[in-house]
Amino acid sequence: MNSSCIPKPFTEKVKLILKNIPKGKVTSYGTIAAMAGSPRAARQVVQIIHRTDNIPWHRVINSQGKIAIKEYEGFQEQKMLLSMEGVESDSNGKIDLDKFKWKCYSLDDLI
DNA sequence: GCCATGGCTAGTA
DNA sequence: GCCATGGCTAGTA
């Protein structure tokens, strides 16, 4: 037995947030980290997205409002998944945050 | 404990 | 530079 059966609050919160981002909206790694209580832990959000299957991942972009992944990492896939929900991005992956940013900054606002 | 990992980011130069 | 995980290792008991 190992510690993997113990709840991991930060990770669980991040997963909960990911599941609650509405279709057609995007948010950033940093925003999610802040909502989960650790404003400077954006890179942990990246890790969690990496290791978690069956979770919506494509609505997360960087704070500049751009798709953050490289071509070989699935840039086109993310772009397409977003466009299917009505989120437009230009060829550089730039998204209009005024239009598409999910306006939610606290866990309390989800529940 | 220590150390590497990582689709980042606020805030200088 | 930040910092939550997971994997590995020295070095106690």
Side-chain angles (χ1 to χ4, degrees):
Chain A
M1 221 36 179
N2 58 40
S3 59
S4 65
C5 48
I6 300 172
K8 300 174 182 67
F10 182 81
T11 302
E12 295 311 311
K13 286 180 196 170
V14 169
K15 290 179 185 173
L16 180 67
I17 293 162
L18 286 169
K19 290 179 196 160
N20 279 279
I21 305 171
K23 290 178 185 173
K25 293 291 175 185
V26 296
T27 191
S28 73
Y29 302 96
T31 300
I32 292 175
M35 289 176 73
S38 211
R40 288 174 295 186
R43 307 198 70 156
Q44 282 59 248
V45 176
V46 171
Q47 301 277 32
I48 291 162
I49 290 174
H50 253 265
R51 320 194 255 242
T52 309
D53 298 316
N54 306 315
I55 205 156
W57 56 276
H58 60 282
R59 303 187 185 106
V60 190
I61 60 179
N62 68 23
S63 65
Q64 313 297 309
K66 292 180 69 175
I67 292 174
I69 60 179
K70 300 286 194 278
E71 198 70 40
Y72 64 87
E73 292 166 329
F75 179 93
Q76 291 301 337
E77 184 186 4
Q78 183 168 9
K79 198 177 191 329
M80 188 194 66
L81 289 168
L82 286 171
S83 83
M84 293 191 310
E85 299 180 352
V87 177
E88 309 149 13
S89 52
D90 71 12
S91 57
N92 295 314
K94 177 75 177 169
I95 290 164
D96 184 350
L97 291 181
D98 288 334
K99 275 194 197 170
F100 300 113
K101 172 85 180 190
W102 183 35
K103 303 287 195 304
C104 179
Y105 302 95
S106 164
L107 253 189
D108 302 327
D109 297 336
L110 311 175
I111 318 166

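When atom types are taken as modelled, the side chain of A:N92 and the backbone of A:K94 share no donor-acceptor pair closer than 3.5 angstrom. Listed for the A:E88 side chain is no donor-acceptor partner under 3.5 Å among the backbone atoms of A:D96. Between the side chain of A:K23 and the backbone N or O of A:G86 there is no donor-acceptor pair closer than 3.5 Å.
DNA chain C contains the following stems of three or more consecutive Watson-Crick or G-U pairs, with both distances under 3.5 Å: B:1-6 with C:3-8.
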Per-pair distances, 0.1 Å, donor-acceptor, side chain in residues 98-107 of chain A, under 3.5 Å, sequence neighbours excluded:
from	atom 1	to	atom 2	distance (Å)
A:K101	NZ	A:T31	OG1	3.0
A:K103	NZ	A:K101	O	3.4
A:S106	OG	A:D108	N	3.1

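Looking only at side-chain heavy atoms (C-beta outward), A:L81 and A:V87 stay at 4.5 Å or farther from each other. By the 4.5 Å heavy-atom criterion applied to side chains, A:Y29 and A:I49 are counted as neighbours. In this structure the side chain of A:T52 never reaches within 4.5 angstrom of the side chain of A:L18, judged on heavy atoms.
Exactly one of A:Q78, A:E85, A:E77 qualifies for a side-chain hydrogen bond (donor to acceptor under 3.5 Å, both in side chains) with A:H58. That residue is A:E85.
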Verdict with supporting geometry, A:S89 and A:I67, side-chain contact (heavy atoms from CB on, under 4.5 Å): CA-CA 9 Å; A:S89 52; A:I67 292 174; 4.2 Å; yes
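Residues from residues 27-40 of chain A that place a heavy atom under 4.0 Å from any atom of DNA chain C, listed by number: A:S38, A:R40.
A donor-acceptor contact under 3.5 Å links the side chain of A:Q47 to the base of B:dT5.
Note on A:V60: a base of the nucleic acid sits closer than 4.0 angstrom, heavy atoms only. Residue-level contact check: A:I49 touches the bases, meaning some heavy atom is under 4.0 Å from a base atom.
Here A:S63 does not reach the OP1 or OP2 of B:dC8: none of its side-chain N or O atoms lies under 4.0 Å away. Between A:T11 and C:dT5 there is a side-chain N or O to OP1 or OP2 distance below 4.0 Å.
Between A:R43 and A:R51, the residue anchored nearer the 5' end of DNA chain C, judged by the nucleotide with its closest heavy atom, is A:R43.
Look at CD1 on A:I48: it is 13 Å from C1' on B:dC8, rounded to the nearest Å. Rounded to whole Å, atom C1' of B:dG11 lies 12 Å from atom CD of A:Q64. In this structure, A:I67 places its CD1 atom 13 Å from P of B:dC8, rounding to the nearest Å.
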